[in-house]
Trainee: 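Sharing a structure below in structure tokens format, with a few things to ask.
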Number of protein chains: 2
Amino acid sequence: MSGPLSTRRLLETLAEPTRFRIVNCLSAAPLFVSDLQALLGVPQPTVSRHLRVLREVGVVRDTPIGQFVLYRLRRPAEPLGRLLAAALDAARDEPALRTERANAWTEGRRRAHQRTAPPVEGRSP
Amino acid sequence: MSGPLSTRRLLETLAEPTRFRIVNCLSAAPLFVSDLQALLGVPQPTVSRHLRVLREVGVVRDTPIGQFVLYRLRRPAEPLGRLLAAALDAARDEPALRTERANAWTEGRRRAHQRTAPPVEGRSP
DNA sequence: CTGACATATGCGCCAAAACGAATACAACGC
DNA sequence: GCGTTGTATTCGTTTTGGCGCATATGTCAG
């Protein structure tokens with residue numbers, strides 16, 4: 001699974017269930033690795049490895065912030081962008097994915113309101 | 001990889017390179033197993049097994065004609081139909097897939113005009 | 001019925017890839 | 001400096017799934 005971005009590569013990338021869950025969450029809000037770890041209930045090394053694949057394919061972009069790394073979705077050039085969009089659109093109909101995405105959105109909003117980085121300072125009661 | 005039709009299942013199905021080549025060819029014309037075998041240069045059992053997966057997922061429909069079996073593409077219900085369409089659209093930009101699809105189209109036209117290859121239903125002078 | 005052809009399936013093998021656990025790396029607070 | 005925390009990577013193992021080959025099923029021609 002290597003080479004430049006192709007339909008095949010994008011499909012193989014999205015076909016992995018955990019990876020698609022990550023993409024689904026990121027479609028709701030930019031998230032830190034630790035957020036994804038918590039949202040998906042998956043060990044951190046697994047999250048990092050999947051994020052690496054997604055980054056290599058160009059589906060996500062990473063922004064280091066201190067010791068944290070913020071990941072955000074990145075729409076590929078057409079026509080692959082439409083393929084990704086269609087996959088995410090299909091995910092809207094599936095309860096499990098919908099829930100996870102809602103949680104991701106909440107987490108994103110939470111961070112946007114408190115101007116704190118990841119959960120380090122004042123914890124909400 | 002089982003259960004009802006889901007985004008995950010469709011993605012997993014299309015992510016397999018040979019399977020996607022089959023879908024790509026079928027998007028140009030309905031074809032017999034032997035056609036696909038020739039077009040893709042792949043052993044017949046491999047073609048049949050991939051077609052089975054595609055059939056189970058509902059991406060293709062099979063029509064036995066004598067000892068032959070004609071396979072045709074079948075668009076899933078929305079929003080998965082759009083996902084399949086987007087994947088096929090992305091394939092239009094890739095030379096290799098484009099060529100195979102052109103060959104598939106030619107084969108389809110050939111059969112529509114002559115009644116040679118696998119004999120179509122008893123329609124004779 | 002028999003043999004040839006088209007397609008489907010069962011089985012064993014193998015490779016790609018995901019996982020778990022441990023560890024390395026890097027930035028922060030003290 | 002130290003330990004702590006967040007993230008990345010390595011290693012070894014396991015699992016999933018595709019393939020080759022042989023064979024079964026089914027259909028037509030003779």
Side-chain angles (χ1 to χ4, degrees), chain A residues 1-3 8-9 11-22 26 30-57 60-72 107 111 116-123, chain B residues 1-3 8-9 11-23 26 30-57 60-72 107 111 115-122 124:
Chain A
M1 193 159 110
S2 60
R8 169 181 164 180
R9 209 152 111 93
L11 284 173
E12 284 171 346
T13 301
L14 298 179
E16 214 294 318
T18 302
R19 222 144 45 204
F20 190 64
R21 290 172 67 201
I22 291 179
L26 289 180
L31 295 170
F32 294 104
V33 178
S34 48
D35 295 334
L36 288 164
Q37 175 183 358
L39 284 167
L40 306 178
V42 156
Q44 176 266 320
T46 298
V47 175
S48 281
R49 265 184 313 227
H50 283 306
L51 284 170
R52 181 148 100 104
V53 176
L54 291 170
R55 188 182 346 120
E56 287 170 352
V57 170
V60 304
R61 170 184 163 229
D62 63 324
T63 307
I65 298 181
Q67 52 182 334
F68 304 88
V69 179
L70 186 67
Y71 280 87
R72 63 180 79 241
E107 183 60 25
R111 185 169 18 261
T116 160
V120 72
E121 286 189 17
R123 289 278 202 152
Chain B
M1 191 161 111
S2 60
R8 169 181 165 180
R9 211 153 109 91
L11 284 173
E12 284 172 345
T13 301
L14 298 179
E16 213 294 318
T18 302
R19 221 143 48 202
F20 190 65
R21 291 172 66 201
I22 291 178
V23 171
L26 289 179
L31 296 170
F32 294 103
V33 177
S34 48
D35 294 333
L36 289 165
Q37 175 183 357
L39 284 167
L40 305 180
V42 157
Q44 176 266 319
T46 297
V47 175
S48 281
R49 265 180 283 122
H50 283 305
L51 284 170
R52 181 148 100 105
V53 175
L54 292 169
R55 190 186 339 122
E56 287 169 352
V57 171
V60 303
R61 169 183 156 225
D62 63 323
T63 308
I65 298 182
Q67 51 182 332
F68 304 89
V69 180
L70 187 67
Y71 280 87
R72 63 180 81 240
E107 183 60 25
R111 182 175 312 100
R115 58 279 179 223
T116 62
V120 184
E121 284 204 9
S124 289

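A note on names: the letters A, B, ... follow the listed sequences, proteins ahead of strands, and every chain is numbered from 1.
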Trainee: Take B/Thr18 and A/Ser48, find for each the nucleotide of DNA chain D with the closest heavy atom, and name the residue whose nucleotide sits nearer the 5' end.
Mentor: A/Ser48
Trainee: Taking it one step at a time, do B/Arg8 and B/Leu11 satisfy side chain to side chain contact (heavy atoms under 4.5 Å, CB included)?
Mentor: CA-CA 5 Å; B/Arg8 169 181 165 180; B/Leu11 284 173; 5.9 Å; no
Trainee: Using five base pairs at each end, measure the axis-to-axis angle across the helix from C/dC1-D/dG30 to C/dC30-D/dG1 and round it to 10 degrees.
Mentor: 20°
Trainee: In chain order, what residues pass the side-chain contact (heavy atoms from CB on, under 4.5 Å) check against B/Ser48, with sequence neighbours excluded?
Mentor: B/Val33, B/Gln44
Trainee: With respect to the phosphate group of D/dT5, does any side-chain polar atom (N or O) of A/Ser34 fall under 4.0 Å of OP1 or OP2?
Mentor: no
Trainee: Look at all strands and tell whether A/Arg49 reaches a base, only sugar-phosphate, or nothing, counting heavy atoms closer than 4.0 Å.
Mentor: base
Trainee: Looking for any heavy atom pair under 4.0 Å, which part of the strands does A/Thr46 touch: base, sugar-phosphate only, or nothing?
Mentor: sugar-phosphate
Trainee: Calculate, to the nearest 0.5 Å, the distance between atoms CG and CD belonging to B/Leu36 and B/Glu107 respectively.
Mentor: 9.5 Å
Trainee: Enter the distance from A/Glu12:CD to B/Leu14:CG here, rounded to the nearest 0.5 Å.
Mentor: 11.5 Å
Trainee: So, is A/Arg52 near the phosphate of D/dA8, with a side-chain N or O under 4.0 Å from OP1 or OP2?
Mentor: no
Trainee: Calculate the interatomic distance between B/Leu40 atom CG and D/dG18 atom C1'; express it in whole Å.
Mentor: 15 Å
Trainee: Measure the distance from CD1 on A/Ile22 to C1' on C/dC19 and round it to the nearest whole Å.
Mentor: 13 Å
Trainee: Measure CD/B/Glu12 against C1'/D/dT15 and give the value in whole Å, please.
Mentor: 14 Å
Trainee: Specify the separation, in whole Å, of atom CD of B/Gln37 and atom P of C/dC5.
Mentor: 13 Å
Trainee: Going by an N to O cut-off under 4.0 Å, is there a salt bridge joining A/Asp35 and A/Arg111?
Mentor: yes
Trainee: Starting at the 5' end of DNA chain C and moving along, which residue's nearest nucleotide shows up first, A/Glu16 or B/Leu70?
Mentor: B/Leu70
Trainee: Keeping the roles fixed (side chain from A/Arg21, backbone from A/Leu40), state whether a donor-acceptor pair exists under 3.5 Å.
Mentor: yes
Trainee: Quick one: B/Glu56 CD to C/dA8 P, roughly how many Å, whole number?
Mentor: 12 Å
Trainee: Considering just the side-chain nitrogens and oxygens of B/Tyr71, establish if one lies under 4.0 Å of OP1 or OP2 belonging to C/dA6.
Mentor: no
Trainee: Mind calculating the distance between CG (A/Leu11) and P (D/dG17) to the nearest angstrom?
Mentor: 16 Å
Trainee: Out of B/Leu31, B/Asp62, B/Ile22, B/Thr63, which residue meets the side-chain contact (heavy atoms from CB on, under 4.5 Å) rule with B/Tyr71?
Mentor: B/Asp62
Trainee: Please check this pair: side chain of A/Arg19 against backbone of A/Thr13, looking for a donor-acceptor N/O pair closer than 3.5 Å.
Mentor: yes
Trainee: At less than 4.0 Å, is any side-chain N or O atom of A/His50 found next to OP1 or OP2 of C/dA17? Yes or no.
Mentor: no
Trainee: Would you kindly give the CG-to-C1' distance between B/Leu51 and C/dA8, to the nearest whole Å?
Mentor: 11 Å
Trainee: In whole angstroms, how far is the C1' atom of D/dT7 from the CG atom of A/Leu36?
Mentor: 12 Å
Trainee: Taking atom NE2 of B/His50 and atom CZ of B/Phe20, what is their separation to the nearest 0.5 Å?
Mentor: 14.0 Å
Trainee: So which protein nitrogen or oxygen atoms get under 3.5 Å of nucleotides 22-28 of chain D's nitrogens or oxygens?
Mentor:
residue, atom, partner, partner atom, Å
D/dT27, O2, B/Gln67, OE1, 3.3

Trainee: Going from CZ on A/Arg72 to CG on A/Leu26, what distance comes out if it is rounded to the nearest 0.5 angstrom?
Mentor: 10.0 Å
